K.L.:
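Have a look at the structure that comes next, please.
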Amino acid sequence: MMARVDCLATVFVEDIPEQLEDGVLYVSRQCHVALHNCACGCGEEVSTPLVATEYDFVMEDEGASIWPSIGNHDFPCGSHYIIKRGRIHWAGKMSREQIEAGRAYDRLLKRGAQPKGLGAILAWFKRLWIKFIS
C-alpha cells in the first residue's frame with residue numbers, strides 16, 4: 001500500500017501514461033478526462049470524466065479543483081474526498097443509502113426530469129410518432 005497524499009500536482013498530458021505516479025493529477029483536455037491514483041494510497045486508479053454531466057475542472061494558481069467530490073465507493077478503500085486547489089479535503093464515508101441517493105440524483109440531472117401522468121403519455125406518443133415517421 002502506498003502512502004496517503006494530501007495534495008496533487010497537476011500535469012497536463014496528451015496521452016495518459018501507463019503507470020500513474022502517486023500525488024499527480026493527470027489531465028488530458030483532448031480526452032476530457034483526469035486520472036490519479038486514489039489519494040488514500042490504496043493504488044486504485046481514479047478516472048474523472050471532464051464533461052458537463054460529470055465533473056467540473058478548474059485550474060487556478062494554487063492547483064486544480066474538481067467538483068463534485070471523488071467518491072470511490074466501489075473500491076475496497078471506499079475513500080471520499082474533494083480536490084480543491086490541488087489539496088485533498090477528506091470527506092466522511094457515505095452510507096449505502098446516501099451513495100444510492102447521490103447516484104439517483106446524478107441520473108436525474110443527466111436525463112432531466114421525466115414527465116409524469118398525462119405528460120408521460122404524451123411523451124410516449126411523441127416518441128412513437130417520431131419512430132414511425134423517421
Side-chain angles (χ1 to χ4, degrees):
M1 185 164 180
M2 307 293 180
R4 177 175 154 154
V5 297
D6 291 320
C7 61
L8 295 172
T10 304
V11 175
F12 290 94
V13 294
E14 289 186 22
D15 298 315
I16 302 297
E18 291 288 324
Q19 294 287 323
L20 305 182
E21 285 184 42
D22 288 340
V24 177
L25 177 69
Y26 297 90
V27 178
S28 171
R29 291 187 189 272
Q30 292 86 353
C31 297
H32 305 282
V33 69
L35 290 106
H36 67 283
N37 284 336
C38 182
C40 81
C42 71
E44 293 285 348
E45 186 177 294
V46 179
S47 174
T48 49
L50 302 177
V51 295
T53 56
E54 296 289 337
Y55 288 91
D56 289 329
F57 174 84
V58 176
M59 188 67 202
E60 301 175 84
D61 290 342
E62 301 91 350
S65 298
I66 292 181
W67 184 258
S69 63
I70 308 295
N72 297 323
H73 310 299
D74 294 330
F75 295 167
C77 67
S79 63
H80 181 211
Y81 48 89
I82 296 165
I83 302 171
K84 186 173 183 181
R85 295 182 178 147
R87 310 258 340 144
I88 303 296
H89 298 269
W90 294 96
K93 289 201 176 204
M94 297 171 67
S95 68
R96 180 52 52 192
E97 292 79 23
Q98 290 172 315
I99 294 166
E100 294 306 324
R103 289 177 176 168
Y105 183 69
D106 285 345
R107 285 190 297 272
L108 178 66
L109 290 177
K110 290 175 186 170
R111 288 189 314 216
Q114 298 297 306
K116 295 180 180 176
L118 181 60
I121 294 169
L122 292 173
W124 181 81
F125 276 113
K126 182 178 178 183
R127 286 192 307 272
L128 187 64
W129 175 256
I130 291 171
K131 187 174 182 176
F132 280 119
I133 63 169
S134 58

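Predicted model, so just to flag it, every value in this text is computed and none were measured. Start at 1 with the first residue, then count along the sequence.
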K.L.:
CD of Glu14: more than 12 outside heavy atoms within 6.0 angstrom?
P.N.:
no
K.L.:
Establish whether Val46 and Phe12 are linked, either directly or via other cluster members, by ILVMFWY side-chain heavy-atom contacts under 4.5 Å.
P.N.:
yes
K.L.:
Between atom CE of Met94 and atom CZ of Arg96, what is the distance when rounded to the nearest 0.5 Å?
P.N.:
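Answer for the CE-CZ pair, Met94 versus Arg96, is 9.5 Å.
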K.L.:
Decide yes or no for Cys38 and Tyr81: does some side-chain heavy atom of the first lie under 4.5 Å from some side-chain heavy atom of the second?
P.N.:
yes
K.L.:
Which atom names give the shortest non-hydrogen contact between Ala34 and Leu25, and what distance separates them?
P.N.:
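Reported closest heavy-atom pair: CB-CD1, 3.9 Å.
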K.L.:
Check the surroundings of atom CD in Glu21: do more than 12 heavy atoms from other residues, nucleotides or ligands lie under 6.0 Å from it?
P.N.:
no
K.L.:
Looking at Pro49 and Glu54, what are the two nearest heavy atoms and their distance?
P.N.:
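Taking every non-hydrogen atom into account, O-CB, 3.3 Å.
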K.L.:
Looking only at heavy atoms, which two atoms of Leu8 and Val24 are closest? And how far apart?
P.N.:
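Looks like CD2-N, 3.9 Å.
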K.L.:
For Ala64 versus Ile83, what's the shortest heavy-atom pair and its separation?
P.N.:
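Nearest heavy atoms, Ala64 then Ile83: O-CG2, 3.5 Å.
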K.L.:
Backbone N or O of Asp15 within a donor-acceptor pair of the Ser28 side chain at under 3.5 Å?
P.N.:
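Here the side-chain-to-backbone pair does not exist.
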K.L.:
Show the nearest heavy-atom pair for residues Ala39 and Trp90, with the distance to one decimal.
P.N.:
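Scanning both residues, the minimum pair turns out to be C-CH2, 3.6 Å.
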K.L.:
Taking all non-hydrogen atoms of both residues into account, name the closest pair between Arg87 and Cys7 and its distance.
P.N.:
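Result for this residue pair: NH1-CB, 3.9 Å.
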K.L.:
Tell me whether Phe125 is reachable from Ile130 by hopping between hydrophobic residues (I, L, V, M, F, W, Y) whose side-chain heavy atoms are closer than 4.5 Å.
P.N.:
no
K.L.:
Would you call Tyr55 and Pro68 a side-chain contact if the rule is heavy atoms closer than 4.5 Å?
P.N.:
yes
K.L.:
Are Thr48 and Phe57 side-chain neighbours, meaning at least one heavy-atom pair lies under 4.5 Å?
P.N.:
no
K.L.:
If hydrophobic clusters are built from ILVMFWY residues whose side chains come within less than 4.5 Å, do Tyr26 and Val5 share one?
P.N.:
no
K.L.:
Cluster question for you: counting only ILVMFWY and a side-chain heavy-atom cut-off of under 4.5 Å, with indirect links fine, are Tyr105 and Ile99 together?
P.N.:
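Tyr105 and Ile99: separate clusters.
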K.L.:
Could you tell me whether the side chain of Ile88 reaches within less than 4.5 Å of the side chain of Arg4, counting heavy atoms only?
P.N.:
no
K.L.:
Decide yes or no for Met59 and Thr10: does some side-chain heavy atom of the first lie under 4.5 Å from some side-chain heavy atom of the second?
P.N.:
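Yes; the side chains approach each other to less than 4.5 Å.
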K.L.:
In terms of the angle between their ring planes, are His80 and His73 parallel, tilted or perpendicular, with boundaries placed at 30° and 60°?
P.N.:
tilted
K.L.:
Could you go through the side-chain contact (heavy atoms from CB on, under 4.5 Å) check for Lys126 and Leu122 one step at a time?
P.N.:
CA-CA 6 Å; Lys126 182 178 178 183; Leu122 292 173; over 6 Å; no
K.L.:
Going only through I, L, V, M, F, W and Y residues with side-chain contacts under 4.5 Å, is there a path from Val33 to Val13?
P.N.:
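Yes, same cluster.
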K.L.:
Can you find a pair of side-chain heavy atoms, one from Trp67 and one from Val58, that are under 4.5 Å apart?
P.N.:
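A side-chain contact is absent here, since even the closest heavy-atom pair is not under 4.5 Å.
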